[in-house]
There are 4 protein chains.
Amino acid sequence: MSTTRGRIDKRQAILEGAFTVFAREGYAQACVQAIAREAGVAKPTVYNHMTDKATLFRHSLEAAARAVLDERIAALEPLADPGDDLRAALQQAAGRLLRLHTDGRSCALRRLLYSEVTHFPDILDIVKDSGPDRLTRALADRLARLTLAGRLRAGDPDLAAEQFLALLLGPLEARTQLGTRTLPEAELDAMAQAAVDAFARAWDVS
Amino acid sequence: MSTTRGRIDKRQAILEGAFTVFAREGYAQACVQAIAREAGVAKPTVYNHMTDKATLFRHSLEAAARAVLDERIAALEPLADPGDDLRAALQQAAGRLLRLHTDGRSCALRRLLYSEVTHFPDILDIVKDSGPDRLTRALADRLARLTLAGRLRAGDPDLAAEQFLALLLGPLEARTQLGTRTLPEAELDAMAQAAVDAFARAWDVS
Amino acid sequence: MSTTRGRIDKRQAILEGAFTVFAREGYAQACVQAIAREAGVAKPTVYNHMTDKATLFRHSLEAAARAVLDERIAALEPLADPGDDLRAALQQAAGRLLRLHTDGRSCALRRLLYSEVTHFPDILDIVKDSGPDRLTRALADRLARLTLAGRLRAGDPDLAAEQFLALLLGPLEARTQLGTRTLPEAELDAMAQAAVDAFARAWDVS
Amino acid sequence: MSTTRGRIDKRQAILEGAFTVFAREGYAQACVQAIAREAGVAKPTVYNHMTDKATLFRHSLEAAARAVLDERIAALEPLADPGDDLRAALQQAAGRLLRLHTDGRSCALRRLLYSEVTHFPDILDIVKDSGPDRLTRALADRLARLTLAGRLRAGDPDLAAEQFLALLLGPLEARTQLGTRTLPEAELDAMAQAAVDAFARAWDVS
DNA sequence: GATGAATGAGCGTTCATTCAT
DNA sequence: AATGAATGAACGCTCATTCAT
């Protein structure tokens, strides 16, 4: 059993090391040597677990994306049972999402997706299956229920979700300078508030 | 004079070829050989004009960014003199911006900025000087005038501009799959409409 | 163990191949490709053992210099116990030194030292630690003892050693045309004799 | 006429620039671009005057060698009419030769000859025609006359010249560290004295 | 005759990948 | 299963040399 554990641990270490190095250097610049060093194994060991540098890249992206998504979905929790003050719940979820979105790993993931999407068209599945799309769907689900409950103006909940996220995350790109700067907490809160305000006006949140 | 023209032409050809290849391959994968071939010159000729692969990258980005920005600023023209129907003017500008934003060169530029911003921190100047920031400022200028004219709810025009662009462009990322898919015209128009609607509600456009 | 041997052998082969090629082509003209071929390995293997072309150069020089010096010191042996006929012992040592000094490897080493001393100032250590300086000191030691034994005119043994070597080796440069020509045995013997004669006169050898 | 002058001047500038750069960098490392810059002309101008980098090298060596030799021959002047004190005359010539031999241009020339003699076998002619050999012959001429005048022990004047120069210049190599260090005046004088002393003993100078 | 511009060929170095152990 | 060692293939960059002006 310890063997199996060890093997799994090593695989995990390789995937994490790979993501770390890919995030730092980019796909092409990252060298397998460095990944192996980061993971604390020898270079051929990497090849024993993954056939290719490309495969290694795909698997490490997938693992990171899964982790990131889980956190984002969890951030929507306040909307499951918003209580009387819907705006407060939106505000809370918005704050959490903003923080997750400006997190280092999240930014690195986004950067990698953008830069390699043309060389690895299949990583689009990551975006669709476990990326922003699913977040939008999950949010749309919440908003649909709230619409039915009369707390939102009637309308397409997919559109509502899309606009909520756009208002919230759209300004991030410019403010964080493509994810290279971290924002002060106060600014993050102000951004969440502004997004929720606009959303509330546009969708008659009550 | 023809000499000078020839030199300028060659420099231009190199910059364009460089952008083409960088856009297709990314910085690290792009090989100078290929850039030279694309520009129709020999490899050392590239080095006669640019000292470095890195310098070549920076200059080609800058040229592309300038071209892209000029078009975007021009797209705001309808807002200069909106006439009676402000929503129509917004709609028109929105449609143009959306089309510019989904243009191949524009997407490639955004991809390159995202992927290399960590290796070339100075390309942030491009974003600030000639990128989205300046578009937001230009739009804010227009909206400020409109606010003074009483056509918009009183409020921070910078915020209004930010939110307009967020509502308009935010959904693009998911819908174009990080810029790899082109959208049908109808969908673009619908997106513009939805963004303008939401903006109008949130800012009492009249 | 065979592994270790193999690695050591390969390192040795690389150093020897490097000296051969450097000696033939000079530092700048020598290409690592050729060195690898000469050593019977692939080019990257060279870089697995030595970080640099420069490092490779230094190490190959050092190895060659050590080998050359060992032989030269050994050539002084006849002076350790010269017996009755000191001139004969000097003559014998002189002959040996002359032959070592006109040896191909020795000439190549001298050429390389001269040509690259300005680019690699640290190779002066080779000259001082294992080159002519140490030969002079070793010879001075012998002559000091002989002086004490009254077989030489009293005087500075360092100067005596310096002059002995100068008389012996000085004429070589011109006669071998900077080390490119080999001299007939008879001429070598005559040179040794002439040097010993002059030295004997100048220092009252008995 | 000014044209012709200008052309000659330019040729001269190129040759001098070439020697300067070759001396600094060595043949292979020296790039024609740098030589042109040093000479204050454009690169193709160099090729208008010399067909080749190799030809350029040969001609620049030749010019430098001629200049160096002229000075050395002139240094023997004191021996033309030594007066009563032959040792003083020898001493004077020795001092001058030593200074010329440790001069920067002289060292550079020697370095270049050593390093490129295998690639350019024909530069040996420089050594023979205008180099040390001719100095030895010129000195032998002087010593022959002195021998006839009974101021030296009877013997082969060629050998005497060879030994005088060997005693004088042989120690230089070690002391100047292959020509990279300059020696203090006092040390130069001491070396001249030591060489003359030894020569005087060996050849019964009176 | 002098020059700015262009190029073919080559070199040092790196790296993904594979063997032998 | 894990590793040290080796390699084939590229790539960035330089340079001697040549045209066209």
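Just so it is clear: chains get the letters A, B, ... in the order the sequence lines come, proteins before strands, and each one is counted from 1. Fair warning: this is a prediction, and the values are worked out from it, not measured in the lab.
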- Task: Hunt down any stem DNA chain E takes part in, defined as 3 or more consecutive Watson-Crick or G-U pairs whose two distances are each under 3.5 Å.
- Result: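 Looking at DNA chain E, the stems formed by three or more consecutive pairs are E:2-21 with F:2-21.
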Non-neighbouring partners of [X] that pass side-chain hydrogen bond (donor to acceptor under 3.5 Å, both in side chains), sequence neighbours left out:
X	answer
A:Tyr114	B:Glu173
C:Thr180	none
C:Glu16	C:Gln12
A:Ser106	A:Arg72

Rounded interatomic separation in angstrom, taking [atom1] from [X] and [atom2] from [N]:
X	N	atom1	atom2	answer
C:Arg37	F:dT7	CZ	C1'	15 Å
B:Asp9	E:dG4	CG	P	20 Å
B:Met50	E:dA5	CE	P	14 Å
C:Arg11	F:dG4	CZ	P	18 Å

- Treat primed atoms plus P, OP1 and OP2 as sugar-phosphate and everything else as base, then score nucleotides 12-19 of chain F 5' to 3': B for base contact with protein heavy atoms under 4.0 Å, S for sugar-phosphate contact only, - for none. BBBBBBB-
- Item | Of D:Gly40 and B:Ala42, the one whose closest DNA chain E nucleotide lies more 5' |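 In this pair, the answer is D:Gly40.
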- Task: Hey, could you give me each pair passing salt bridge (charged side-chain N to carboxylate O under 4.0 Å, His left out) that has a residue in residues 113-126 of chain B? Not counting sequence neighbours.
- Result: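 Residue pairs with at least one partner in residues 113-126 of chain B: B:Arg58-B:Asp122.
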- hbond_proxy B:Asn48 side chain to E:dA6 base (donor-acceptor, 3.5 Å cutoff):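 Counting by modelled atom types and ignoring angles, a donor-acceptor contact under 3.5 Å is found here.
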- Message: Please enumerate all residues that pass salt bridge (charged side-chain N to carboxylate O under 4.0 Å, His left out) together with A:Arg24, with sequence neighbours excluded.
- Response: A:Glu38
- Message: Holding to salt bridge (charged side-chain N to carboxylate O under 4.0 Å, His left out), I want the full list of residues that pass it with D:Arg66, two or more places apart in sequence or in another chain.
- Response: D:Glu62
- Query: Distance check: side-chain N/O of D:His49 vs OP1/OP2 of E:dG1, anything under 4.0 Å?
  - Reply: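 No, outside the criterion.
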- Item | Heavy-atom side-chain proximity of C:Tyr27 to C:Lys53 below 4.5 angstrom |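 Yes - at least one pair of side-chain heavy atoms lies under 4.5 Å apart.
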